[in-house]
Structure formats: C-alpha cells, structure tokens
Colleague: 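I'd like to ask you about the structure that follows.
Numbers here are sequence positions counted from 1. Here the structure is a predicted model, which means the values were calculated and not measured.
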Amino acid sequence: QEFGIDDDIHPHLPNLKKPRKITIRQLMNHTSGIADHWALFEMQGRSLTEPYIQQDALDLAYKNDYLEFNPGSRHSYSNGGYVVLADLVETLSKNSLAKNFGQYLSKPLELDANYFTLNDSSIATGYLKRKTGFKLMETQSTIAGPGNVVISIQGLAQWAKFLIDQINTNDIYRNGINNSKHQYFAGLYIQPKDEQNNTPTLIFHDGYYENNTQSTLYLPKSNEYVVSMCNRADFRPAVLNRKLLTKLGSIPPTAHEVS
C-alpha cells in the first residue's frame with residue numbers, strides 16, 4: 001500500500017486523537033497544528049531541565065485532541081510534530097528510529113553520527129557562559145525525532161552535502177522549496193532573494209539545545225555552504241556562518257543580522 005506525504009496519517013496511527021486530517025508534509029513543515037512539547041512542559045509548570053524521555057513527548061501529542069490551529073493553515077515550529085513523525089517511521093518500518101537512521105542515513109552516507117544515549121562519553125561537554133564563568137550544561141533528555149543525534153563537524157558537513165544534492169536533484173525537495181507557502185520545507189528555512197539588499201537566496205537550519213548549538217547554511221546561486229557547531233548553549237553559529245560568508249564576499253553585511 002502506497003502512502004504519500006499528503007495522505008492522512010491517522011489510519012497508521014490510530015491512537016492519535018486529533019480531530020482533523022494531518023499529513024506527513026504538514027509534520028515535516030511544522031504546519032500540523034501539533035503543539036511543541038517543550039512549550040507544553042512549561043505550561044504544566046515543569047522545568048525544561050528535567051530528564052524527559054520519548055514517551056513523555058508522545059503522551060502530550062497523543063492523549064488529547066488539542067491542535068494549536070487547523071492543519072495547513074499556519075507555520076509554527078513544533079518539536080512535537082517531529083516526535084509524531086518519528087513514531088510514524090517506526091510504525092511503518094517496524095524498526096526503531098535509531099535502526100532506520102543507521103540503515104538509511106548514517107551507514108550509506110558514512111556519517112560520523114549516531115543516536116544519543118545518556119552517559120555517552122563520546123560527546124563534548126556543554127557549557128553556558130555566565131558573568132561569573134561557565135556553567136556546566138549536561139543533557140538529561142532523550143527525545144528523538146526533532147533531535148537527539150550526536151554528530152561531528154565532519155559528519156555535519158557530509159550531511160550538508162547530502163541535503164544539497166537532494167535540493168538540486170530530488171523533485172520532492174525542489175518542488176517543496178520552490179512552492180513553500182511558509183518559506184520552510186522539511187527542516188530547511190528558505191530566505192528568498194532580496195534584490196534591494198543584493199542578498200541571494202539562503203537555505204539554512206539552525207539548532208539550539210541545552211548543551212550545544214549548530215548551523216548549516218547553503219547558497220544555491222554560488223553553490224557554497226558552511227556548517228558550524230559549538231558546545232556552548234549561548235553561542236550563535238548562525239551569526240558566525242553569515243559573517244564568514246560576508247568576509248568571503250558571498251553575501252552583503254546586512255544578511256548576517258539574524259536573531
């Protein structure tokens with residue numbers, strides 16, 4: 001049985017109690033209306049430093065009929081949608097997300113990457129800069145789907161090359177990016193070309209977590225890309241990437257003014 005990215009996911013996830021049709025495309029593009037579990041944890045009065053597991057996030061997504069908006073009507077970044085997407089992958093494949101990641105991504109692409117587990121000695125220690133020095137930031141949560149991948153800078157660069165190939169050769173990516181209503185497709189933000197400021201189209205994704213930050217930025221016109229990461233929660237590699245491309249003359253100075 002074929003299952004397209006615009007088909008309803010409910011027949012495959014019967015325990016999902018949402019009142020409206022939700023599609024893979026909407027989950028991928030943060031337009032499903034499913035709320036972000038981190039925001040819901042805070043609304044419950046819980047601390048984001050608690051040790052959350054996958055089931056905690058799944059319970060918030062599945063055990064109620066709440067939607068922030070009608071699916072497809074808006075874009076609102078939601079890690080919760082990607083938790084549901086991860087559950088769908090496991091349900092359809094009958095394998096864990098970690099096994100799918102290894103079989104279809106990390107092994108074929110030879111990525112220096114794996115799924116995070118607590119007490120993993122291979123990852124860098126995270127810090128947060130304070131006026132009095134650096135505060136140790138230890139990862140306590142293991143929620144996969146929207147994150148939880150451990151990767152080196154070499155692995156991130158290899159992943160960026162793969163994404164760029166998809167952007168240029170895969171019709172789903174090309175159509176998704178070219179026809180995006182919300183300047184976002186499948187984990188990638190699209191900043192359209194700005195003729196007035198002479199800024200080319202930028203495609204990027206930035207990630208911020210309690211103990212690390214990372215950024216990937218691609219310029220389709222010149223086929224340049226840059227990746228960066230840091231083990232400081234307060235550092236903004238997206239700004240570093242854009243400043244580097246400004247120094248190289250690839251984008252004007254105004255293009256690195258990001259929040």
Side-chain angles (χ1 to χ4, degrees), residues 9-10 13-20 22 26-91 96-98 115-120 123-150 182 184 187 189 205-215 230-238 258-259:
I9 64 173
H10 283 88
L13 300 175
N15 293 325
L16 185 66
K17 303 183 184 301
K18 304 306 180 188
R20 297 181 180 275
I22 294 174
Q26 290 165 351
L27 293 174
M28 290 167 59
N29 293 345
H30 301 291
T31 59
S32 69
I34 294 175
D36 188 281
H37 48 260
W38 298 113
L40 295 179
F41 289 145
E42 287 190 301
M43 289 174 65
Q44 292 176 334
R46 303 172 69 180
S47 170
L48 298 186
T49 60
E50 289 184 34
Y52 297 102
I53 61 174
Q54 195 79 8
Q55 195 60 48
D56 293 323
L58 285 170
D59 286 346
L60 288 178
Y62 277 74
K63 292 186 175 180
N64 61 78
D65 63 0
Y66 174 69
L67 288 171
E68 288 191 308
F69 49 83
N70 288 336
S73 65
R74 285 173 46 195
H75 168 91
S76 180
Y77 198 97
S78 172
N79 292 287
Y82 268 72
V83 166
V84 173
L85 187 59
D87 193 42
L88 180 64
V89 169
E90 292 189 333
T91 299
S96 69
L97 193 64
Y115 262 89
F116 170 76
T117 56
L118 290 176
N119 303 315
D120 187 343
I123 65 173
T125 302
Y127 297 92
L128 176 65
K129 187 177 181 180
R130 299 290 195 187
K131 290 182 179 179
T132 55
F134 287 93
K135 178 183 176 182
L136 179 66
M137 301 293 289
E138 294 183 297
T139 302
Q140 299 295 330
S141 298
T142 54
I143 299 178
N148 218 50
V149 173
V150 178
H182 304 284
Y184 186 96
Y189 281 98
H205 184 85
D206 309 319
Y208 305 103
Y209 201 50
E210 58 190 348
N211 70 333
N212 68 82
T213 55
Q214 62 279 328
S215 177
C230 185
N231 62 331
R232 274 175 47 186
D234 59 291
F235 188 74
R236 292 296 175 261
V258 296
S259 58

Colleague: Holding to side chain to side chain donor-acceptor pair (under 3.5 Å), I want the full list of residues that pass it with Asn212, two or more places apart in sequence or in another chain.
Modeller: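 Once residues adjacent in sequence are excluded, Asn212 has no partner under the side chain to side chain donor-acceptor pair (under 3.5 Å) criterion.
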Colleague: Taking atom CG of Leu40 and atom CG of Asn79, what is their separation to the nearest 0.5 Å?
Modeller: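 One gets 11.0 Å once the value is rounded to the nearest 0.5 Å.
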Colleague: Using the side chain to side chain contact (heavy atoms under 4.5 Å, CB included) rule, take Ser141 and Phe41 through it: C-alpha gap first, then chi angles, then the decisive distance, then the call.
Modeller: CA-CA 13 Å; Ser141 298; Phe41 289 145; over 6 Å; no
Colleague: Could you work out, with side chain to side chain donor-acceptor pair (under 3.5 Å) as the rule, every residue matching His182, not counting sequence neighbours?
Modeller: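 In terms of side chain to side chain donor-acceptor pair (under 3.5 Å), with neighbours along the sequence ignored, His182 is linked to no residue.
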Colleague: How would you list, by chain and number, every residue that makes a ring pair (Phe, Tyr, Trp, His ring centres under 6.0 Å) with Phe235, sequence neighbours excluded?
Modeller: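 Per chain and number, Phe235 pairs via ring pair (Phe, Tyr, Trp, His ring centres under 6.0 Å) with no residue.
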Colleague: Which residue pairs pass the salt bridge (Lys or Arg N to Asp or Glu O under 4.0 Å) test when at least one of the two sits in residues 35-46, sequence neighbours left out?
Modeller: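 Applying salt bridge (Lys or Arg N to Asp or Glu O under 4.0 Å) to every pair that reaches into residues 35-46, excluding sequence neighbours, yields Arg46-Glu50.
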Colleague: To the nearest 0.5 angstrom, please state how far the CH2 atom of Trp38 sits from the CD1 atom of Ile143.
Modeller: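 One finds 4.0 Å between CH2 of Trp38 and CD1 of Ile143.
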Colleague: CD of Glu90 to CG of Leu97: how many Å apart, nearest 0.5 Å?
Modeller: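 Glu90 CD to Leu97 CG: 5.5 Å, rounded to 0.5 Å.
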Colleague: Find the distance between NE2 (His37) and CD (Gln54) and round it off to the nearest 0.5 Å.
Modeller: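 One finds 8.0 Å between NE2 of His37 and CD of Gln54.
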Colleague: Among pairs that include at least one residue of residues 62-85, which meet salt bridge (Lys or Arg N to Asp or Glu O under 4.0 Å), considering only residues two or more places apart or in two chains?
Modeller: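 Listed once each, the pairs are Asp59-Lys63.
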Colleague: Just by modelled atom types, is the Tyr66 backbone N or O under 3.5 Å from a matching donor or acceptor in the Asn64 side chain?
Modeller: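 It does hold such a pair.
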Colleague: Only counting residues at least two apart or in another chain, list the ones meeting side-chain contact (heavy atoms from CB on, under 4.5 Å) with Leu67.
Modeller: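 If we apply the side-chain contact (heavy atoms from CB on, under 4.5 Å) test to Leu67, skipping adjacent residues, the hits are Lys18, Pro19, Arg20, Ile22, Ile34, Pro71.
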Colleague: What pair of heavy atoms forms the shortest contact from Thr213 to Ala233, and how long is it?
Modeller: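 Looks like CG2-O, 3.8 Å.
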Colleague: Distance from Leu60 atom CG to Gln55 atom CD, nearest 0.5 Å?
Modeller: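 Going from CG on Leu60 over to CD on Gln55, the span is 10.0 Å.
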Colleague: Checking Asp234 now: which residues fulfil side chain to side chain donor-acceptor pair (under 3.5 Å) with it, not counting sequence neighbours?
Modeller: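 Scan of Asp234 (side chain to side chain donor-acceptor pair (under 3.5 Å), adjacent residues dropped) gives Arg232.
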Colleague: If the condition is ring pair (Phe, Tyr, Trp, His ring centres under 6.0 Å), which residues does His30 pass it with, not counting sequence neighbours?
Modeller: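 His30 satisfies ring pair (Phe, Tyr, Trp, His ring centres under 6.0 Å) with His75, Tyr77, Tyr82, Tyr184 once adjacent residues are dropped.
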Colleague: What residues form a side chain to side chain donor-acceptor pair (under 3.5 Å) with Ser47, not counting sequence neighbours?
Modeller: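 Ser47 satisfies side chain to side chain donor-acceptor pair (under 3.5 Å) with Thr49 once adjacent residues are dropped.
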Colleague: What ring pair (Phe, Tyr, Trp, His ring centres under 6.0 Å) pairs are there with at least one residue in residues 124-145, not counting sequence neighbours?
Modeller: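 Sorted result for residues 124-145: empty, none.
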Colleague: Quick one: side-chain contact (heavy atoms from CB on, under 4.5 Å) partners of Leu13, sequence neighbours excluded?
Modeller: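 By the side-chain contact (heavy atoms from CB on, under 4.5 Å) rule, Leu13 matches Ile9, Leu16, Tyr62, Val84, Asp87, Leu88, Thr91.
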Colleague: Can you name the salt bridge (Lys or Arg N to Asp or Glu O under 4.0 Å) partners of Lys129, sequence neighbours left out?
Modeller: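 Lys129 satisfies salt bridge (Lys or Arg N to Asp or Glu O under 4.0 Å) with no other residue.
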Colleague: Is it the case that the side chain of Asn148 and the backbone of Thr142 share a donor-acceptor pair, with hydrogens and angles ignored and the cut-off at 3.5 Å?
Modeller: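 Pair absent, no side-chain N/O of Asn148 close to backbone of Thr142.
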Colleague: Indicate the atoms forming the closest heavy-atom contact of Tyr208 with Pro237, along with that distance.
Modeller: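 Closest pair (atom of Tyr208, atom of Pro237, distance): CE2-CD, 4.1 Å.
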Colleague: Quick one: closest heavy-atom pair of Ser215 and Ala238, and the distance?
Modeller: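 Here Ser215 and Ala238 meet closest at OG-CA, 3.5 Å.
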